[in-house]
Protein chains: 2
Amino acid sequence: MALEKETEEKIFKAAQSIFQKRGFEGARMQEIADEAEINKSMLHYYFRSKDKLFQEVFQAGIKKVMPQLFGILKSEMGLSEKVNEIVNFYHDMFRENQHLPTFVVYEMNQHPERFKEFLGVMNIELPDVFREQVNTEVSEGRMKPISAEQFLLNIVSMCMMPMLAKTMVKTIFALDEVAYANFLEERRALIPEIILNGVKPS
Amino acid sequence: MALEKETEEKIFKAAQSIFQKRGFEGARMQEIADEAEINKSMLHYYFRSKDKLFQEVFQAGIKKVMPQLFGILKSEMGLSEKVNEIVNFYHDMFRENQHLPTFVVYEMNQHPERFKEFLGVMNIELPDVFREQVNTEVSEGRMKPISAEQFLLNIVSMCMMPMLAKTMVKTIFALDEVAYANFLEERRALIPEIILNGVKPS
DNA sequence: GTCTATATAACGATAGAC
DNA sequence: GTCTATCGTTATATAGAC
């Protein structure tokens, strides 16, 4: 029946919202049920347990980020173009899903095993194309010596940190919601410039 | 009595360990008591409630970071020296207290009000000295146009992100505990170079 | 499939003896 | 101050009627 899938999906969407906002420990099955406008026992009918429901939300969260990121890294683009794409990807993703980055990063630390075994299923490892791209730039003297790992981490750090530390940024810099959004938008152009200029040989 | 203070301190240290590792929602009063090797009811005797105990741990966490960071920003050093000091500060702090960055950043998002009112008590706002320092460098053409806020956030992002996303970094880059520690150490020199080179006029 | 009612366990917190 | 025992509540989860 169509209604079954609809119900299951309503629950899942609600679970995403609550888990991402409150974390596994902070989330309440009742709150998920309320959000889905559905009876609490339905959660168990469709997903058996809080743990299983969380697992699916967690994995969906990773699937929403990693494949796209690694898609860019594996692509045929030039290095500076990739930097731009990654920065735009993170900022677009965050606009639609404010709590996703915090959720994924935090819950990974809380349940490293879950993440590790899931990464085996997908095949997530630093693409050779990207690694060679960085190495070539370095060996041909167009970039200062840096590993592909450090280079990628720099980009990701500059993008994600202000999202993870939203409250901190807003509070210390005295930004309201709009000013914060503008502040982030400013970084779409700023980050690639710093990242690329930062490794330029002097 | 000396024993009172000792007991209170044992509880507090245990609470720091557990809260920082598990978060407020994930922490259990029983686990704190076990860690302190003390009876559970003692927690309430000394700190009344889980909430009050958490509050103190949370505020102590902020006090451990912010004053030192803002101390550097307010100091007489030159800008590039400040960058170095900040980077070293974060890396030293993390060596001693692995879970502190995650804890502070995450719980800030979960309880923005608590943080906001506490920041009023301390006076945490971006020091004028630092702001003018950045503005001067920019207006005199030694740095590309950038606000003091974005400049500072770049440094903090590069330092904290790999600490917050420890599991993610370790897993995707296939690093064991030692390799991860070395990877972080590498960044002590790397980050200031990127940050400063990144804003150098071309 | 969906509801109500309830089982079962865990948690924070307190009372009261010592 | 420190302990044992227990209260009151809330959480996940299930049983059973419809």
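Chain letters run A, B, ... following the sequence lines, proteins first, then strands; residues in each count from 1.
Residues from residues 21-30 of chain A that place a heavy atom under 4.0 Å from any atom of DNA chain D, listed by number: Ala27(A), Arg28(A), Met29(A).
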Would you please test Arg95(A) and Glu185(A) for salt bridge (Lys or Arg N to Asp or Glu O under 4.0 Å) and show each step?
CA-CA 10 Å; Arg95(A) 281 177 81 104; Glu185(A) 281 302 314; 2.9 Å; yes
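Under the 4.0 Å criterion applied to side-chain N and carboxylate O atoms, Glu35(B) and Lys10(B) are not assigned as salt-bridge partners. Here Arg28(A) pairs with Glu25(B) in a salt bridge; the nearest charged N to carboxylate O distance falls below 4.0 Å. Salt bridge Glu177(B)/Lys170(B): present, at least one basic N to carboxylate O contact under 4.0 Å.
Annotation: ring-ring contact (aromatic ring centres under 6.0 Å, His included) contacts of Phe54(B) (sequence neighbours excluded): Phe19(B), Phe24(B), Phe58(B), Phe103(B), His111(B). In terms of the ring-ring contact (aromatic ring centres under 6.0 Å, His included) criterion, Phe115(A) has no residue partners (sequence neighbours excluded). Take Phe183(B) and apply the ring-ring contact (aromatic ring centres under 6.0 Å, His included) test, not counting sequence neighbours, and it matches Phe173(B).
Counting to the nearest Å, the P atom of dA13(C) and the CZ atom of Phe47(B) are 13 Å from each other. One interatomic measurement links the two molecules: OH of Tyr46(A) to P of dA13(D), which rounds to 18 Å at whole-angstrom precision. Protein atom CG of Leu43(A) is 15 Å distant from nucleotide atom C1' of dT4(C), rounded to whole Å. Per the geometry, CE belonging to Met42(A) stands 14 Å off C1' belonging to dA5(C), to the nearest Å. Rounded to a whole Å, the CD1 atom of Ile32(B) is 15 Å from the C1' atom of dA10(C). To the nearest angstrom, C1' of dA13(C) lies 19 Å from CZ of Phe54(B). The nearest whole Å value for the distance from the CG atom in Asn39(A) to the P atom in dA5(C) is 11 Å. The separation between Gln55(B) atom CD and dG12(C) atom P is 17 Å, rounded to whole Å.
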Using atom types as modelled, flag every donor-acceptor pair under 3.5 Å from a side chain in residues 81-88 of chain B to any protein atom, sequence neighbours excluded.
unit_1   : atom_1 : unit_2    : atom_2 : d
Lys82(B) : NZ     : Leu73(B)  : O      : 2.5
Lys82(B) : NZ     : Ser75(B)  : O      : 3.2
Lys82(B) : NZ     : Gln133(B) : OE1    : 2.7
Asn84(B) : ND2    : Ser80(B)  : O      : 3.2
Asn88(B) : OD1    : Arg188(B) : NH1    : 3.2
Asn88(B) : ND2    : Asn84(B)  : O      : 3.3

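At a threshold of 4.5 Å between non-hydrogen side-chain atoms, the residues Leu79(B) and Phe130(B) count as touching.
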Interface polar pairs with nucleotides 14-18 of chain D, N/O, under 3.5 angstrom:
none

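For Ser49(B), taking side-chain heavy atoms from C-beta onward, the closest of the listed nucleotides dT2(D), dC3(C), dA13(C) is dA13(C).
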